[in-house]
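Data first, discussion second: the structure below is written as structure tokens.
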Amino acid sequence: MAGARGCEGRAGPGCAGGAVPPGAGRRPRMAAAASPSRELTQNPLQKTWEPYDNGLPAGHSAQRGVCMTNCPTLIVMVGLPARGKTYISKKLTRYLNWIGVPTKEFNVGQYRRDLVKKYKSFEFFLPDNEEGLKIRKQCALAALNDVRQYLSEENGHVAVFDATNTTRERRETIYKFGEENGYKTFFVESVCVDPEVIAANIVQVKLGSPDYVDCSNDEATEDFMKRIECYKNSYETLDETLDKDLSYIKIMDVGRSYLVNRVMDHIQSRIVYYLMNIHVTPRSIYLCRHGESELNLKGRIGGDPGLSVRGKEFAKSLAQFINEQNIKDLKVWTSQMKRTIQTAEALGVPYEQWKVLNEIDAGVCEEMTYEEIQENYPLEFALRDQDKYRYRYPKGESYEDLVQRLEPVIMELERQENVLVICHQAVMRCLLAYFLDKPAEQLPYLKCPLHTVLKLTPVAYGCKVESIFLNVEAVNTHRDKPENVDISRPPEEALVTVPAHQ
Amino acid sequence: MAGARGCEGRAGPGCAGGAVPPGAGRRPRMAAAASPSRELTQNPLQKTWEPYDNGLPAGHSAQRGVCMTNCPTLIVMVGLPARGKTYISKKLTRYLNWIGVPTKEFNVGQYRRDLVKKYKSFEFFLPDNEEGLKIRKQCALAALNDVRQYLSEENGHVAVFDATNTTRERRETIYKFGEENGYKTFFVESVCVDPEVIAANIVQVKLGSPDYVDCSNDEATEDFMKRIECYKNSYETLDETLDKDLSYIKIMDVGRSYLVNRVMDHIQSRIVYYLMNIHVTPRSIYLCRHGESELNLKGRIGGDPGLSVRGKEFAKSLAQFINEQNIKDLKVWTSQMKRTIQTAEALGVPYEQWKVLNEIDAGVCEEMTYEEIQENYPLEFALRDQDKYRYRYPKGESYEDLVQRLEPVIMELERQENVLVICHQAVMRCLLAYFLDKPAEQLPYLKCPLHTVLKLTPVAYGCKVESIFLNVEAVNTHRDKPENVGVDRSREEALRTVPNHL
């Protein structure tokens, strides 16, 4: 997809997941003056209209579904050890990738572990340890070098530089690096003095670190506390006056308050909004689909059918399961389609209907079986198998579109605590991909069977998943990618992976 | 629409414009335990599924399209005169109402003007002026009383209390008032020391104030500066330590930096995000529709047609107009439908395609004429005339849905400077309603004719509109609300206001 860029920090709300398409590059195409002979052609996969000049893709047009950051962004974490920098780095990276902004994190500690095979003790971090300082500087430079490669050569849009970066001098070095390479730099500092929070962080993510694999918990904790001390004397927090020209957010006490300075563009604004909505309170998110529907039974996609007999059974089982789980202050969300609402009705608790949780719109293929789609739209059916993430149904949607419309759901899920989301197959795949950090290629093939609840619990830097089948049989609605995805394939090869149905 | 509320600060991203439906109230319906005989019925207007218990609407189900704030929110402005408090109050109120959160601002200065018919001089505001203090306190209490009526009796969700509120004592009084009434209080402070900004504010909004109607500009400015001085000695800014338990945002230097403390719920998070994205840099927003399309000519709605001959003419005229306007760094946005893209192509500049700018989805009525809709769906046609804002086409969308999907566009328009948005009739009505503060009832009937550019320029507390017809004839696509909207009306009565077409 050709695209000229005349704009900054373009990871707009329209950004969907997925890699930057090859050839899109970043340098704006200086196209010729508008010529009346430029034809608009509709891209057969994504159904988007693109200009062609004498048969060749022309510039000027950029889809907001693709991130267009003229200027890559370098996010620089700042803070003492055990303040949540890596937690924030990984989470932010996951979020940005999901909304379609190619992002990568660079953890300097990891570079150190790769270089210094065996961690001995906190003494490595003493401010007067020449050898230690030399190695640590080397690691930081190696990481910055990889940042440059990612942002300037590999089409990355955002790099998250995860290290303590606690001195003004170090941050100056990084800022200059950013300037030299044409990156916008945005600092994210985490400040926390609450000893309980720090102790909890150490338990969650430090005790299990490769650094402490041969230590007892007490030994590890003691050593780590001394490690923190090594940084304290030279720590220069971001200052309202001294750093007034930098762009940054300072997060205080795990999100109780924030200081935000000089947000420069759209992507920084989105990052700030995201960081201000996440929290670390333990909770679980339950994802499931509606109960089996009448159309599921017939192998038909979409529509707005009611539950089958077994689907109603599932709804009752779900109610029982939820009761047994004894969840504190559970919020229940459904789509605005009958089958999810019917499912929620059985729970006997208040629930909220979100239109944006509606199943993917299959456009002209709504309520068809796969056999009928193959019969009536064999080309479409093949294109979908070629790129299921980006494929948009005629007069319908793509997974890429779905991610865009689900972003507010993700944002609200981050704000909330215990939530049960009763939704649909494609929708659930998108949400799951966010929590489990699955890339666009895998997202449309994630397994989300009927009558199965996925319980997601944040732990350490990721998410624990428990899959609970509620013991009510249902049809399988999962269609794997077939071997032959060519438009010339015979119907049998197209339909070989269609699950059984009435 | 019945709704039980178990949630806080519910003005979710799904909130669409429109008043809280009558009877929705706020007290959660303590419905009986789930009874299997609860039927789901589809509301004929909005196509939403609602539970009915023995024929009566039951609780438990709330649409995210309607704001459900269990707890009203009281926003309290803080700051010296000429710091933008009223500007922020009005803008925030306009935004919240547009996304569907019933909001009202209460300007204490206005209460004072109503009580003290003639403003004499700054001496009214001297800290030792007993009479003045008495009147000002009286006004504040009168305003708070109206706040209580709005939030507790009139189904308001958010009240913006616009006054200086510069002392901790005054803020305590208001906070207690909030607590007594079950409101959540959120402070918005504007701090600014830049004399140029203050001088500009005085010129923009004070010189024209009723207070100074009989003064020269110099007299007014001099008096107003002395008025500001009256407040300075007793000004107690929100303090990180003393006010650490309050929820607030402190805006510094017109948005260069922000201090955010204890955001409590969803609506506060949305308010913070909005306030952090608005700016005061002068700029203009240009709104227009695509050029006349082939389907426009035939009186057909929706579809994805190309431009007619006259539509292409318009595109060229638009290019000329834009050139003549000599706009600095103009961004051009289109939808992903062919007709807007064709229009943008003629401009010869980069443009960005937004799927969320696509025209309202008319579902089963796509590509029909109004005559055909009346023929095939007379009930739907009547329902639409009864409540055009909330009416959702079968398998389509409503204006209310449109507002929800356009919210990210509004947010990005606030961030941007000069932008031209080439969109569609219903979409343009929604955007225009935001800028011109038009309520839901009027929104679907705003006039947005083809081949006419609306240039919006923020001025003082609102928006100046210039309408520029680009002198290329086009069909009229505006259908007024007919007199008879009863479902039993005759065909002629239904079609009386349909504009001419081929």
Side-chain angles (χ1 to χ4, degrees), chain A residues 4-7 10 12-14 28 33-34 38 40 42 48-49 51 59-65 68 240 256-263 266 269 272-273 276-277 306 319 331 336-338 341-342 344-356 366 401 404-405 408-409 411-412 415, chain B residues 4-7 10 12-14 28 33-34 38 40 42 48-49 51 59-65 68 240 244 256-263 266 269 272-273 276-277 306 319 331 336-338 341-342 344-356 395 401 404-405 408 411-412 415:
Chain A
R5 320 249 172 106
C7 36
R10 185 50 68 195
R38 269 161 61 120
L40 281 184
Q42 192 175 40
T48 44
W49 292 97
H60 279 335
S61 165
Q63 271 80 39
R64 195 158 188 110
M68 299 158 296
E240 274 189 80
R256 182 185 60 77
S257 62
Y258 307 87
L259 180 63
V260 179
N261 198 60
R262 291 198 192 273
V263 169
H266 180 95
S269 160
V272 164
Y273 185 43
M276 290 177 56
N277 280 315
K331 299 261 163 76
Q336 282 190 355
M337 297 182 138
K338 186 176 187 182
I341 298 169
Q342 265 185 296
E345 274 286 305
L347 303 181
V349 297
Y351 56 89
E352 225 186 301
Q353 299 183 17
W354 293 63
K355 183 173 190 276
V356 292
E366 276 284 319
D401 295 328
Q404 178 175 316
R405 78 164 151 88
V409 176
M411 197 63 86
E412 189 59 15
R415 290 197 52 80
Chain B
R5 319 248 173 108
C7 37
R10 187 46 71 195
R38 270 162 61 122
L40 280 182
Q42 194 175 39
T48 43
W49 290 98
H60 279 334
S61 164
Q63 270 82 39
R64 195 162 186 108
M68 297 157 296
E240 273 189 79
K244 64 177 171 52
R256 183 187 57 78
S257 63
Y258 307 87
L259 180 64
V260 180
N261 198 59
R262 289 195 192 274
V263 170
H266 180 95
S269 160
V272 164
Y273 184 44
M276 289 177 58
N277 280 316
K331 299 262 163 75
Q336 282 188 356
M337 295 180 139
K338 187 176 185 183
I341 298 167
Q342 266 185 296
E345 276 285 304
L347 304 180
V349 298
Y351 56 89
E352 224 186 302
Q353 299 182 17
W354 292 64
K355 185 173 188 277
V356 292
K395 303 194 181 178
D401 295 328
Q404 178 173 319
R405 78 165 151 88
M411 196 63 84
E412 190 59 15
R415 288 198 54 78

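Proteins come first, then strands; the chains are lettered A, B, ... in the order of their sequence lines, and each starts at number 1.
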remark   = Okay, A/Glu366 and chain B: the region with an atom under 4.5 Å from a heavy atom over there is neither
key: Structural part of A/Arg256 lying under 4.5 Å from a heavy atom of chain B   = both
Side chain, backbone, both or neither: which part of [X] has a non-hydrogen atom closer than 4.5 Å to chain A?
X        : value
B/Lys244 : both
B/Arg262 : both
B/Met337 : backbone

To the closest 0.5 Å, what do you measure between [atom1] ([X]) and [atom2] ([Y])?
X        : Y        : atom1 : atom2 : result
A/Lys355 : B/Asp401 : NZ    : CG    : 4.0 Å
A/Trp354 : B/Gln404 : CH2   : CD    : 8.5 Å
A/Glu345 : B/Leu40  : CD    : CG    : 5.0 Å
A/Glu412 : B/His266 : CD    : NE2   : 5.0 Å

ask   = Of the listed residues (A/Val272, A/Asn277, A/Asn261), which shares the most heavy-atom pairs with chain B below a 4.5 Å separation?
value = A/Asn261
inquiry  = Between A/Met276 and B/Met276, is the side chain to side chain contact (heavy atoms under 4.5 Å, CB included) condition met? List the steps.
reply    = CA-CA 12 Å; A/Met276 290 177 56; B/Met276 289 177 58; 4.2 Å; yes
